[in-house]
Participant: 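Before I ask anything, here is the structure I am working with.
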Amino acid sequence: MSPKDYNPQIIEDKWKAYWNQSKLFKCPDNPPSEKFYCLVMFPYPSGTLHVGHGRNYIIGDVVARYKMMKGFTVLTPMGWDAFGLPAENAALKRGLHPKKSVRDNIDNMKRQLHLLGIGYDWDREIASCDPEYYRWTQWIFLKLYERGLAYRKNAPVNWCPSCNTALANEEVVNGGCERCGTEVVQKALYQWLFRITKYAQTLLDDLDTLENTWPKKVLLMQRNWIGRSEGARAVFTVESTGEELPIYTTRPDTLWGVTFMAIAPEHPLIDRLVKGTPYEEKVMEFCNRLRKRKRVVRGEEEPVKEGIFTGHYVINPVNGDRVPLWAASYALMDYGTGAVMAVPSHDQRDFEFAKKYDIPIKVVIQPPGKKLVVSEMTEAYVEEGEMVNSGPFDGTPNMEGIKKVTAFLKERGKGGPEVNYSIRDWLISRQRYWGAPIPIVYCDKCGEAPIPEKDLPVELPDEVDFTPRGQSPLAFVESFVNTTCPKCGGPAKRETDTICQWLCSCWYFLRFIDPKNDREAFSRALIDKWMPVDQYIGGVEHAVLHLLYTRFVVKVLCDAGYVSQKHREPFASLFTQGMICKRTYACTKCGHIVSDSPTVHEPCRCDYGMSLNDRIEKRLDVTDTLDKMSKSKGNVVSPNELCEKFGTDTLRLYELFIGPPQYDAEWSDKDIKGAERFLLRFWNAVTEDLERLSGCAGDYETLSARLLEAFRGGELKGETKHVFQETHRTIARVTGDIESSWQFNTAIAAVMELLNTLRATKMGDGDSGCKVKRYAFESMTLLLAPFVPHICEEIWEMLGHAPSIFKHGWPKANEAALKRDEIEMPVQVSGKVRGRITVAADATEDEVRAAVQGNESVAKSLEGKTIVKMVIVPGKIVNIVAK
RNA sequence: GCCGGAGUGGCGGAAUGGCAGACGCGCCGGUUUCAAAAACCGGUGAGGGUAAACCUCAUGCGGGUUCGAGUCCCGCCUCCGGCACCA
């Protein structure tokens, strides 16, 4: 092998070592130039990365390196979301203590990130399970507690029987646990919650400031999740006791149509009302059964509406109507007031319920041009119409009626306008071991008492049997539980639940700015220098959970004065990358996955007397689906072997070329060859000509300026001039593709085109030919550097420049050099291309018309036709309309 | 049901309302080789035509606006994602 052969292993090792030693990614506390905080969501240490994860970090690395070349002081930190269920479950599976397992996994993943050539300021590395870190997570808990935003209550919660812990609403997906899919059940427990509902409106409002910098999809998901609804409160009265029973409705215009009231089975009022009445036994039986019901699962049929009459009546505030009070399955305790005014005529749910239990239906909105007859209705009428049977509002259009009736309620002291949100408070207690202990103790005398800040962290004990068993494992550790009350000094017991890991990831980007601070969580002055995160990159699966929680916590920290109010939104720009997917094959005979991966639980064992690949190739009883890479599907591709076989740069190039980064992409083992071939051609093109290129060595900027001067002076001719201009066009295209929407695939394609052009062009051996060629190669090297950093560093050095290429500025395209002298214009006849003309780029319409008239094939197409109209779009196209 | 996103060659994917298919993969032919791989050169949407010139059709389906529509408007179909007994 000659020294000029492309050997990725050698040069990649060389430059990785160089970046490490020269601390290329080391970021000072005080930025010497405009700062750029580039952050990829920190991962939980699962153990190994596959190429799907890799894409994420590569994208972040491209942005960081590009911004560096643009002259920014770039902060790119990395750390580990090391606390929490996934990490603990992984440890349990391996039979290791999470502390050890997390450490192993971090080491391995860090190696893999190095392998991928991703640059981070590792001096800022943090792991959320380190006491120096979770000390401040606990501190944040206390800050919320102080502000009345953390509270404890006994309520039914979502419980995962497999993970043996309570879950937040956000962690319940399709009625199952987000992590393991097990059906979630309801369980009553004392739990700690954060009052995120108090921030619902500001969480909603501030989304407006992110309109152009966050994906629309994420904004929408957050808005849906917060679920603001505007309506009215109407206060009904329980006839027997005279107590008030308020309801929330978005349709106050239908108040006159109320024929019953539905109240949630969980509602405490029921217990009191039926006590000692003949209804008690049956109603309580019904309620107790419903209180344990499982959540509604999407995709499944709508649950049957059930209910039972409580024996009580309520009085309608607007017309004094006396209507029965029912306990009903479809009334939800935790939305509105837990009671619903039921208008069967104009609400589909109420309609179904009324039909089932034979409750009267009363029409109060009439559609335009029709007349509703109760006996003929098969569904509720929910469209607009005119109010009828509504006392003083008869004849009012119902949309107007909504406002008027709301005001009417307010005047009479029976309610008024009200806003509701569907977001619920955030449940943060977990009955598992691997998390930060909640810093609270319970004292017989003082009750609930927070741990003083100076006593933080409340350390998680190591010697614990952490098998999940439905109660926090810490509850069995006496040395942990028994303590003294920080208020009175008497005996007290510690809270034994741990904080869910979402809180750990709510503030890690603040800690990255000041990672070693042992006096405070972070310095406000440094936060002001570095926040916000200019570019946040991560998976769309965090659209609600992580991103909503984080926005909430940051707002609280702002309100508490630890972070400036100007940083209420921590992530100025958000990018959600698509997943890398791969085909998964399943056997149509046995239904199992056809794979030889050891991570597949029960692979297909049907014998076809050939290799699995051959069987798949021949499609023998196999179906395929495109799935996200995962161990359980056996479709993961490891970057390690690919880096070894092709080199890191090739892998990076392929992952970037695979498609637009915001979309999912299908992995193909074949296509990576294209990336390899391109790098090889690039390398060979430079090395083959190196001697000649060295003959005109010099500073890139000087060369660039000289050539531009020569171009302007008309000294560049023919193909030399062409290549010079194409180089400028490529610079413009690549820069545009990166800046506009991270179209790395087309940016790379542009450089490929330039290389193709260069290889197909015979430039003279003269001085300017050599210079232009050098200029083209140097520009290509700079343009490719963020994507394939190792090979570019090497070529940059070979071309006689001092490393690092990332200290060099990004190339600039010159407007004048982009302009073409002559252009070819297609000439259409009635929309079909029938000829081409070559004209000056700035040709006038008359000149174009003359050229068209002189064109033979156009003339031929026009034979026997008359020209109706000629549309000339200067610089683009000519279209002749002819009959 | 409601709200998003997508649908383009054999495949991944390009196209400010202006030549559809850039770039790459795959495939076909050639050069090189004892042979193969690699590399290099050429070809490659479909149909017709003579392997030329040329013609016709083609961006999920059906309409519309326009000199001109993958792109804009209206109505559908399919797939993916989110939300949903939220009053």
Side-chain angles (χ1 to χ4, degrees), chain A residues 173-174 215-225 227-229 231-232 247-251 254 261-262 264 295-299 302-305 328-332 334-343 346-350 352-353 420-424 540-541 543-544 626 653-654 657-660 662-678 680-681 684 733 737 740 743 745-753 755-756 759-760 824-836 857 860 868-873 875-882:
Chain A
V173 178
N174 295 351
K216 293 212 167 4
K217 184 181 177 165
V218 175
L219 295 173
L220 192 75
M221 283 168 75
Q222 293 224 350
R223 288 190 176 113
N224 283 344
W225 192 262
R228 182 188 154 104
S229 130
I247 57 91
Y248 171 74
T249 181
T250 52
R251 295 293 305 275
T254 63
M261 175 167 295
R295 286 178 71 91
V296 178
V297 178
R298 177 168 45 122
E302 259 192 22
V304 245
K305 291 175 181 54
S329 62
Y330 73 96
L332 305 175
D334 51 5
Y335 186 76
T337 63
V340 188
M341 70 174 213
V343 185
H346 306 298
D347 181 285
Q348 187 58 24
R349 293 154 305 187
D350 299 341
E352 285 166 29
F353 193 88
N420 251 290
Y421 304 88
S422 54
I423 188 172
R424 311 290 201 268
V540 75
E541 66 273 19
V544 175
L626 196 56
L653 191 71
Y654 173 57
F657 191 65
I658 196 166
Q662 64 270 36
Y663 296 119
D664 289 355
E666 181 180 351
W667 181 266
S668 146
D669 290 321
K670 282 180 190 160
D671 292 4
I672 196 170
K673 295 291 295 176
E676 188 189 31
R677 280 205 274 257
F678 169 68
L680 194 63
R681 276 200 293 266
N684 288 340
R733 279 171 71 187
D737 284 349
S740 64
Q743 289 189 63
N745 54 334
T746 51
I748 291 164
V751 183
M752 287 174 168
E753 281 184 67
L755 182 62
N756 291 346
R759 279 156 41 90
E824 195 188 60
M825 281 171 83
V827 181
Q828 297 182 329
V829 175
S830 299
K832 298 214 164 83
V833 181
R834 287 294 135 97
R836 289 163 194 287
S857 64
K860 216 172 128 193
V868 177
K869 189 176 175 184
M870 192 186 294
V871 182
I872 297 169
V873 186
K876 292 277 184 193
I877 203 166
V878 178
N879 191 11
I880 301 166
V881 188

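Lettering follows sequence order; numbering is per chain, from 1.
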Participant: Determine the interatomic distance between P on B/A38 and the same-named atom on B/C27; round to the nearest Å.
Facilitator: 10 Å
Participant: Determine the Euclidean distance between corresponding P atoms of B/A87 and B/A6; express it in Å to zero decimal places.
Facilitator: 29 Å
Participant: Counting only side-chain nitrogens and oxygens, does A/Tyr248 get under 4.0 Å of the OP1 or OP2 atom of B/A87?
Facilitator: no
Participant: Could you please name the option among B/C25, B/A87, B/A84 that lies closest to any side-chain atom of A/Trp225?
Facilitator: B/A84
Participant: Looking across every strand, which nucleic acid part, if any, lies under 4.0 Å from A/Asn224 by heavy atom: base, sugar-phosphate, or nothing?
Facilitator: nothing
Participant: If we call it a pair only when both distances are under 3.5 Å in a Watson-Crick or G-U wobble match, what pairs with B/U44?
Facilitator: B/G26
Participant: Less than 3.5 Å between a donor and an acceptor, one on the side chain of A/Lys305 and one on the base of B/C85, is that the case here?
Facilitator: yes
Participant: Classify A/Lys217 by what it touches in the nucleic acid, base, sugar-phosphate, or nothing, heavy-atom distance under 4.0 Å.
Facilitator: sugar-phosphate
Participant: Return the minimal non-hydrogen interatomic distance between A/Ala264 and A/Ala331, and the atom names on each side.
Facilitator: CB-O, 3.2 Å
Participant: For a quick check of understanding: with a heavy-atom distance under 4.0 Å over all strands, which category does A/Arg228 fall into, base, sugar-phosphate or nothing?
Facilitator: nothing
Participant: Given B/A38, is OP1 or OP2 found less than 4.0 Å from the side-chain N or O atoms of A/Arg677?
Facilitator: no
Participant: How is A/Arg836 classified with respect to the nucleic acid when contacts are heavy atoms under 4.0 Å: base, sugar-phosphate, or nothing?
Facilitator: base
Participant: For A/Gly338, report the nucleic acid contact type (base, sugar-phosphate, nothing); a contact means any heavy atom under 4.0 Å.
Facilitator: base
Participant: Write down the distance separating the C1' atoms in B/C34 and B/G26, rounded off to the nearest Å.
Facilitator: 29 Å
Participant: What is the glycosidic conformation of B/G9: syn, defined as within 90° of 0, or anti?
Facilitator: syn
Participant: Just call it for A/Val873: base, sugar-phosphate, or nothing, with non-hydrogen atoms closer than 4.0 Å on any strand.
Facilitator: base
Participant: Would you say B/C55 has OP1 or OP2 under 4.0 Å from some side-chain N or O of A/Arg834?
Facilitator: yes
Participant: Using Watson-Crick or G-U wobble geometry with both distances below 3.5 Å, tell me the partner of B/G1, or none.
Facilitator: B/C83
Participant: Answer with base, sugar-phosphate or nothing: what part of the nucleic acid does A/Glu666 contact at a heavy-atom distance below 4.0 Å?
Facilitator: nothing
Participant: Please examine the side chains of A/Asp671 and A/Ile658, heavy atoms only from C-beta on, and report whether any two atoms are closer than 4.5 Å.
Facilitator: no
Participant: Let's test your reading of the model: under 3.5 Å, does the base of B/C25 pair with the side chain of A/Asp671 as donor and acceptor?
Facilitator: no
Participant: Under a 3.5 Å limit for both distances, which nucleotide forms a Watson-Crick or G-U wobble pair with B/A20, could you say?
Facilitator: none
Participant: Base, sugar-phosphate or nothing for A/Gln348? Non-hydrogen atoms, less than 4.0 Å.
Facilitator: nothing
Participant: Across the strands shown, which category fits A/Arg733 at heavy-atom distances under 4.0 angstrom: base, sugar-phosphate, nothing?
Facilitator: nothing
Participant: Is A/Asp334 touching bases, backbone alone, or none of the nucleic acid, heavy atoms closer than 4.0 Å?
Facilitator: nothing
Participant: Given the C1' atoms of B/G60 and B/G7, what is the spacing between them in whole Å?
Facilitator: 6 Å
Participant: Mind checking if A/Thr250 touches a base, just sugar-phosphate, or nothing, with heavy atoms under 4.0 Å?
Facilitator: sugar-phosphate
